[in-house]
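First comes the structure, then the notes that go with it.
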Amino acid sequence: MRVSFIHLLTALGALASLANAYHDDYTFAARDYLDELTTLDRREILADIATRDLVAEVAGRLEARSGGLDPNAPFECNRCHRTFPRTKAGNKEYSTHANSHR
């Protein structure tokens, strides 16, 4: 039985590759463990925060972003400072009033 050197080298390379692939790599297990720990830490932190606290914080940020403007505040004429309700009828009355100043 004759085995050429190139065939023997190919077989040894395949065997070495298989042995290397079978070797357990502990870095993946360590990464999974660290991911699990950080997830648990985040859950504990979020569990301490109540829904009311979150809603209050979001409402405060939205109010600060809008500059404290009330969306239901009445219109005010810039010339005579007369106010109009923020409704369809108020919008119509405001536009006719604003046209009267022209």
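For D53, the side chain to side chain contact (heavy atoms under 4.5 Å, CB included) criterion is met by I49, A50, not counting sequence neighbours. Evaluation of the salt bridge (charged side-chain N to carboxylate O under 4.0 Å, His left out) rule for R52 yields no partner, not counting sequence neighbours. For the salt bridge (charged side-chain N to carboxylate O under 4.0 Å, His left out) test, no residue two or more places apart in sequence or in another chain qualifies with E76. Residues meeting the side chain to side chain contact (heavy atoms under 4.5 Å, CB included) test with S4, sequence neighbours left out: I6, H7.
Residue pairs meeting the salt bridge (Lys or Arg N to Asp or Glu O under 4.0 Å) criterion with at least one partner in residues 82-99, sequence neighbours excluded, are R82-E93.
The closest donor-acceptor contact from the side chain of S17 to the backbone of A14 lies at 3.5 Å or more, if one exists at all.
Other members of the cluster containing F5 are L9, with ILVMFWY side chains joined at under 4.5 Å, either directly or via other members.
How far CG of L34 is from OG1 of T38: 7.5 Å, rounded to the nearest 0.5 Å.
The minimum heavy-atom distance linking C77 with F84 is given by the pair CB-CE1, 4.4 Å.
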